[in-house]
Amino acid sequence: MGLLDGKKAVIFGIANERSIAWAIAEAFRKEGAELAFTYANEMVEKRVRPLAESLGVELVLPCDVTDDGQIKTVFAEIGKVWGGLDSLVHSIAYAGKEELRGSFLNTTRQGFSLAMDISAYSLIALAREAAPLMNGRNGSIIAMTYYGSQKVFPNYNVMGVAKAALEASVRYLAEAVGPDGIRVNAISAGPLKTLAASGVGGFNQIASHVYDKAPLRTNIEQSDVAGAALYLCSDLSTKVTGGIHFVDGGYNIIGM
Ligand code: 0WD
């Protein structure tokens with residue numbers, strides 16, 4: 001018997017086999033969930049389709065989260081095919097490369113808006129469409145965040161501000177959908193080598209610092225995040241909502 005037997009989950013943010021969202025997909029499938037994937041554009045689609053096939057996932061839909069029309073279409077399709085939804089995984093972030101190096105003072109108005117739109121507002125937009133499908137099913141919404149929301153990390157810059165907005169949105173959304181029995185949480189993952197991370201200048205330096213200083217003296221792996229996601233989307237966590245759950249080897253508790 002799997003922890004997610006009978007559950008239906010839609011996963012946003014698989015870019016390749018190193019994506020956190022992909023590790024979550026593999027873990028969810030293994031525990032019995034039925035899955036749907038989305039992709040941001042045709043380039044990503046080429047990588048996502050074979051991955052979907054390898055897990056027997058048939059619902060694979062386009063969704064650039066800056067487009068409300070595409071978001072509506074995804075959830076309309078899910079409603080038509082599944083008749084409801086149990087879990088939504090938001091594993092999406094974007095900021096222009098030039099915003100993720102050098103001084104935060106150079107953050108542009110346009111770069112700020114785009115990072116906020118894709119990395120934070122999109123959670124609200126997705127939750128609004130998902131919530132009606134989750135009614136009465138112990139629904140769970142999860143998002144991925146990083147400690148750069150609370151503390152300053154070199155080059156993380158505008159993404160730190162976007163993650164702070166994302167984390168606040170998790171709390172406000174948890175209150176908004178709580179009366180329908182839907183919970184909303186975020187996982188704050190330690191540094192992981194993915195496409196998104198390669199955009200952040202000095203990533204290796206951050207990862208090796210965490211390795212040296214975290215209580216567990218290690219970096220995390222994608223599967224560690226998937227374990228926490230499994231808990232948060234299973235019935236083991238039906239009374240857990242509005243929280244930021246660290247999966248970082250304990251790095252966040254260290255002062256010096
Ligand atoms: O160290 C890390 N890798 C950490 C990542 C530590 C802590 C948190 N996170 C977060 C990220 O900020 C993000 O929210 O985890 C989430 C997933 O990131 P990831 O797995 O590290 O990165 P990646 O495999 O690149 O997936 C992010 C994907 C995009 O990938 P690309 O590389 O193609 O930009 O987000 C998706 C896209 O697939 N994405 C979009 N999806 C829909 N519409 C859009 C968009 N407009 N833009 C980006």
Side-chain angles (χ1 to χ4, degrees), residues 10-26 37-49 51 60-71 73-74 88-97 99-100 113-123 125-126 142-151 153 155-167 169-170 186-211 219-226 228-229 244-249 251-252:
V10 58
I11 300 184
F12 292 77
I14 299 174
N16 58 33
E17 67 290 339
R18 290 210 309 273
S19 296
I20 293 172
W22 174 242
I24 292 174
E26 286 186 302
F37 296 167
T38 67
Y39 54 86
N41 53 51
E42 282 172 12
M43 218 169 69
V44 179
E45 179 185 12
K46 286 196 189 114
R47 297 193 297 260
V48 170
R49 289 229 174 251
L51 290 172
V60 183
L61 304 163
C63 189
D64 178 336
V65 295
T66 60
D67 183 333
D68 285 329
Q70 288 189 28
I71 292 176
T73 306
V74 165
L88 160 63
V89 176
H90 176 289
S91 190
I92 288 170
Y94 181 81
K97 252 195 155 88
E99 308 287 346
L100 298 173
S113 305
L114 188 63
M116 288 293 251
D117 187 10
I118 297 179
S119 314
Y121 177 74
S122 62
L123 180 67
L126 296 183
I142 60 169
M144 300 301 137
T145 187
Y146 181 60
Y147 194 35
S149 61
Q150 295 181 32
K151 303 287 177 188
F153 285 81
N155 302 312
Y156 203 59
N157 295 354
V158 72
M159 190 53 76
V161 179
K163 290 302 189 192
L166 179 75
E167 291 178 14
S169 302
V170 163
I187 297 172
S188 186
L192 280 164
K193 271 206 169 160
T194 62
L195 262 187
S198 68
V200 181
F203 171 85
N204 287 342
Q205 190 194 344
I206 296 175
S208 73
H209 182 75
V210 168
Y211 185 92
N219 281 124
I220 67 157
E221 291 175 11
Q222 279 81 341
S223 57
D224 296 313
V225 182
I244 310 299
H245 305 266
F246 283 94
V247 179
D248 66 344
Y251 179 76
N252 71 95

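In each ligand, atom 1 is the first atom listed, and ligand 1 is the first ligand listed.
In this structure a side-chain-to-backbone donor-acceptor pair under 3.5 Å is missing from Arg18 to Thr194. Using a distance-only test at 3.5 Å, with no hydrogens or angles considered, no donor-acceptor pair links the side chain of Ser223 to the main chain of Ala226.
Atoms of ligand 1 found under 4.0 Å from any heavy atom of Pro191 (numbered from 1 in listed order, with element): 1 (O). Counting atoms of ligand 1 from 1 in the listed order, those under 4.0 Å from a heavy atom of Met144 are 10 (C), 14 (O), 15 (O), 16 (C). Taking every heavy atom of Asp64 and a limit of under 4.0 angstrom, the matching atoms of ligand 1 come to 43 (N), 45 (C), 46 (N). Ligand-side atoms of ligand 1 in range of Gly13: 26 (O), 28 (C), range being under 4.0 angstrom from any heavy atom. Atoms of ligand 1 lying under 4.0 Å from at least one heavy atom of Cys63, given by number and element, are 42 (C), 43 (N). Of all the atoms in ligand 1, the ones that sit under 4.0 Å from a non-hydrogen atom of Ala197 are 3 (N). Ligand 1 places these atoms under 4.0 Å from at least one heavy atom of Tyr146: 6 (C), 7 (C).
Distances from atom 17 (C) of ligand 1 to the protein include at least one heavy-atom value under 4.0 Å. Proximity of atom 34 (O) of ligand 1 to the protein is not indicated, since no non-hydrogen protein atom lies closer than 4.0 angstrom.
Distances between N or O atoms of Ile92 and those of ligand 1 include at least one value under 3.5 Å. At least one N or O atom of Ile20 sits closer than 3.5 Å to an N or O atom of ligand 1. For the pair Ser19 and ligand 1, the shortest N or O to N or O distance falls below 3.5 Å.
The two atoms that bring Ile220 and Val225 nearest to each other are CD1-CG2, 3.7 Å, heavy atoms only.
The protein non-hydrogen atom at the shortest distance from atom 30 (O) of ligand 1 is Ala15 CB, 3.5 Å. The closest protein non-hydrogen atom to atom 1 (O) of ligand 1 is Leu192 N, 2.7 Å.
Checked for salt-bridge contact, Glu167 and Lys163 miss the test: no charged N lies under 4.0 Å from a carboxylate O.
Between Tyr121 and Ser169, the closest side-chain pair of non-hydrogen atoms is not below 4.5 Å.
Only the side chain of Lys163 comes within 4.0 Å of ligand 1, counting heavy atoms alone; its backbone N, CA, C and O stay farther away. Counting heavy atoms closer than 4.0 Å to ligand 1, residue Thr145 contributes backbone atoms (N, CA, C, O) but none from C-beta onward.
With sequence neighbours excluded, the residues satisfying side chain to side chain donor-acceptor pair (under 3.5 Å) with Asp67 are Gln70.
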Next item on the list: Using the side-chain contact (heavy atoms from CB on, under 4.5 Å) rule, take Thr66 and Tyr94 through it: C-alpha gap first, then chi angles, then the decisive distance, then the call.
Entry: CA-CA 11 Å; Thr66 60; Tyr94 181 81; over 6 Å; no
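A side-chain hydrogen bond (donor to acceptor under 3.5 Å, both in side chains) check over residues 195-209, counting only residues at least two apart or in different chains, returns the pairs Lys193-Asn204, His209-Tyr251.
The aromatic rings of Phe153 and Tyr146 are tilted relative to each other, their planes meeting at an angle between 30° and 60°.
Residue Gly190 places a heavy atom less than 4.0 Å from ligand 1.
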